Peer 1: 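One structure is given below, represented as structure tokens, and several questions about it will come after.
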Amino acid sequence: MGGFTCSRCGDLLEFTRDQHLAYAGLVSGSEQLGVWRYAKALPIDSGTPHVTLGEGGTPLVPSVFIAKSRKFKALRFKNEGQNPTGSFKDRGMTVAVTRALEAGARTLICASTGNTSASLAAYAARAGLRAVVLLPAGKVAPGKLIQAAAHGAKILKVDGDFEKALGIVREVAAADDRIYLVNSINPYRVEGQKTAAFETYEQLGRRVPDYVVLPVGNAGNISAIWKGFEELREWGITKELPVMVGVQASGAAPIVEAIAERAESVEAWAEPSTVASAIRIGNPASWKKAVRAIRKSGGTAISVEDDEIMKARDELASKEGIFLEPASAAPVAALSHLRDLIRSDDVVVCIGTGSGLKDPETVKLDPKAMPKVNDAPSLRNLLSRNI
Ligand code: F0G
């Protein structure tokens with residue numbers, strides 16, 4: 001079904017829109033917060049049935065503990081872990097799979113570090129289409145693998161990293177009209193994911209945040225969210241734009257390197273390595289759009305160490321009640337490095353891209369250390385010792 005690249009310049013294709021939407025026009029899709037509330041801003045014919053599981057409409061949760069400890073007065077978490085399959089991928093997948101059905105596709109394919117494959121598997125099941133996912137062998141979090149299996153996707157593995165898998169599926173899909181690729185190089189994915197910007201704007205009481213801080217892997221999401229905010233401004237709905245801050249793990253930080261060196265292009269990293277497996281990507285396909293978003297917004301990209309990521313994940317879960325996977329906690333790990341850039345009363349939104357339930361092996365849990373209680377006196381005894 002095509003390779004989603006321009007035949008003249010080789011860049012990734014993206015949707016542009018000449019129609020201008022006033023706020024009333026933008027939100028007239030449906031009453032509820034969610035991706036299809038913004039149907040008028042999405043490139044799907046109005047008569048096409050939506051392949052939907054109720055994606056989007058995720059809560060924007062004010063931070064209490066982390067805001068206080070890092071001295072931010074208006075810090076919020078957009079908890080994308082509350083999407084149907086537990087990650088932001090569902091926003092793009094509902095639009096891409098709706099489009100696939102509209103275009104008559106039968107087989108949907110993706111490469112993935114895990115979440116895209118889980119999301120594709122669910123939406124393909126819903127649409128009655130075949131899902132094939134190609135994953136780096138031994139490198140995908142078990143929760144994500146289980147999702148893909150449960151939803152009935154055909155799971156294939158590659159010896160190597162995500163980028164090798166993406167190279168293979170891109171080559172095959174570009175040459176075969178019956179195979180539809182749903183990685184974020186597919187512009188329909190980007191269109192769905194941009195709705196996180198529209199929602200954030202609405203949830204903040206119709207204003208854009210001063211800063212959006214989010215993890216960057218293949219670099220589709222930072223491009224998508226920036227596109228959403230740019231459209232709000234193009235349409236005259238808002239005059240402001242946020243500053244975009246991309247966060248990568250220090251073992252997989254090609255975009256951070258390019259931004260720091262003011263380079264014209266991003267150099268691929270050969271062997272990316274991080275505990276945050278979702279963003280273990282050394283050669284981001286959407287690097288050009290991501291670098292443009294960061295530079296145009298006056299933003300930056302920073303890297304964080306694995307131990308900082310794990311500490312942030314634990315803090316979010318144990319002090320804020322928000323359980324995210326390691327990659328999704330990277331923006332919180334980045335906050336202490338951003339103190340010089342961000343003023344304490346700036347409105348800061350961290351995108352919590354995926355649920356912690358997907359990556360259970362990264363949580364320390366020792367069943368042997370759990371006290372056994374088989375009657376009320378032993379429970380009373382334990383409680384009196386203030387455990
Ligand atoms: N956070 C999570 C939880 C992810 O799964 C991903 C990407 C990202 C952040 C980064 O987003 O790639 O648009 O820059 N996961 C992809 C996947 C690569 O296959 O699930 P990005």
Side-chain angles (χ1 to χ4, degrees), residues 12 58 78-83 85-93 109-122 133-136 139-141 143-145 147-148 153 155 158 161-166 169 181-186 189-190 192-194 196 212-227 244-249 252-256 266 272 274-291 293-294 301 309 313 323-334 350-359 362:
L12 294 175
T58 58
K78 181 80 171 143
N79 188 356
E80 293 286 278
Q82 293 201 26
N83 274 296
T85 76
S87 86
F88 72 94
K89 307 286 179 181
D90 297 340
R91 289 184 186 274
M93 208 55 75
I109 199 165
C110 73
S112 182
T113 56
N115 281 322
T116 301
S117 66
S119 184
L120 167 59
V133 303
L134 184 56
L135 310 176
K139 293 180 181 170
V140 171
K144 302 172 187 177
L145 213 50
Q147 287 180 288
I155 303 175
V158 67
D161 288 311
F162 167 82
E163 30 275 273
K164 182 170 171 193
L166 184 60
V169 295
L181 183 67
V182 298
N183 281 100
S184 60
I185 58 168
N186 178 327
R189 280 274 312 278
V190 172
Q193 285 173 209
K194 77 183 180 185
V212 176
V213 189
L214 76 166
V216 174
N218 207 28
N221 205 33
I222 190 167
S223 320
I225 292 181
W226 173 247
K227 186 172 196 280
M244 305 297 290
V245 179
V247 185
Q248 296 195 295
I255 292 201
V256 175
V266 169
T274 167
V275 65
S277 58
I279 52 171
R280 193 184 287 153
I281 295 175
N283 189 14
S286 296
W287 65 266
K288 207 179 245 185
K289 289 196 276 180
V291 166
I294 289 168
I309 290 176
R313 200 279 312 270
F323 185 27
L324 299 176
E325 68 166 279
S328 312
V332 171
C350 288
I351 311 289
T353 47
S355 162
L357 288 171
K358 289 166 168 286
D359 205 348
T362 59

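Here the structure is a predicted model, which means the values were calculated and not measured. All ligand and atom numbering here is 1-based and tracks the order in the structure.
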Peer 1: Side chain or backbone of Ile281 under 4.0 Å from ligand 1, or both, or neither, by non-hydrogen atoms?
Peer 2: side chain

Peer 1: Pull out every atom of ligand 1 sitting under 4.0 Å from any heavy atom of Thr113, numbered as shown with elements.
Peer 2: 15 (N), 16 (C), 17 (C), 18 (C), 19 (O), 20 (O)

Peer 1: Show the atoms of ligand 1 that are less than 4.0 angstrom away from any heavy atom in Asn218.
Peer 2: 12 (O), 14 (O), 21 (P)

Peer 1: Run the numbers for me: atoms of ligand 1, each under 4.0 Å from some heavy atom of Ile279, listed by number.
Peer 2: 8 (C), 9 (C), 10 (C)

Peer 1: Within a distance under 4.0 Å of any heavy atom of Gly220, pick out the atoms of ligand 1 and give their elements.
Peer 2: 13 (O), 14 (O), 21 (P)

Peer 1: What part of Ala278, side chain, backbone, both or neither, has a heavy atom within less than 4.0 angstrom of ligand 1?
Peer 2: both

Peer 1: May I ask you to list the atoms of ligand 1 that are less than 4.0 angstrom from any heavy atom of Asn115?
Peer 2: 2 (C), 3 (C), 4 (C), 5 (O), 20 (O)

Peer 1: Applying a 4.0 Å heavy-atom criterion (strictly less than), which segment of Ile222 is in contact with ligand 1: side chain, backbone, both, or neither?
Peer 2: neither

Peer 1: Quick one: do Asp161 and Arg280 make a salt bridge, cutoff under 4.0 Å?
Peer 2: no

Peer 1: Quick one: which ligand 1 atoms are inside 4.0 Å of a heavy atom on Ser328?
Peer 2: 3 (C)

Peer 1: Below 4.0 angstrom from a heavy atom of Ser112, which ligand 1 atoms are there? Numbered from 1 as shown, please.
Peer 2: 17 (C), 19 (O), 20 (O)

Peer 1: Could you tell me if any non-hydrogen atom of Pro215 lies under 4.0 Å from any atom of ligand 1?
Peer 2: yes

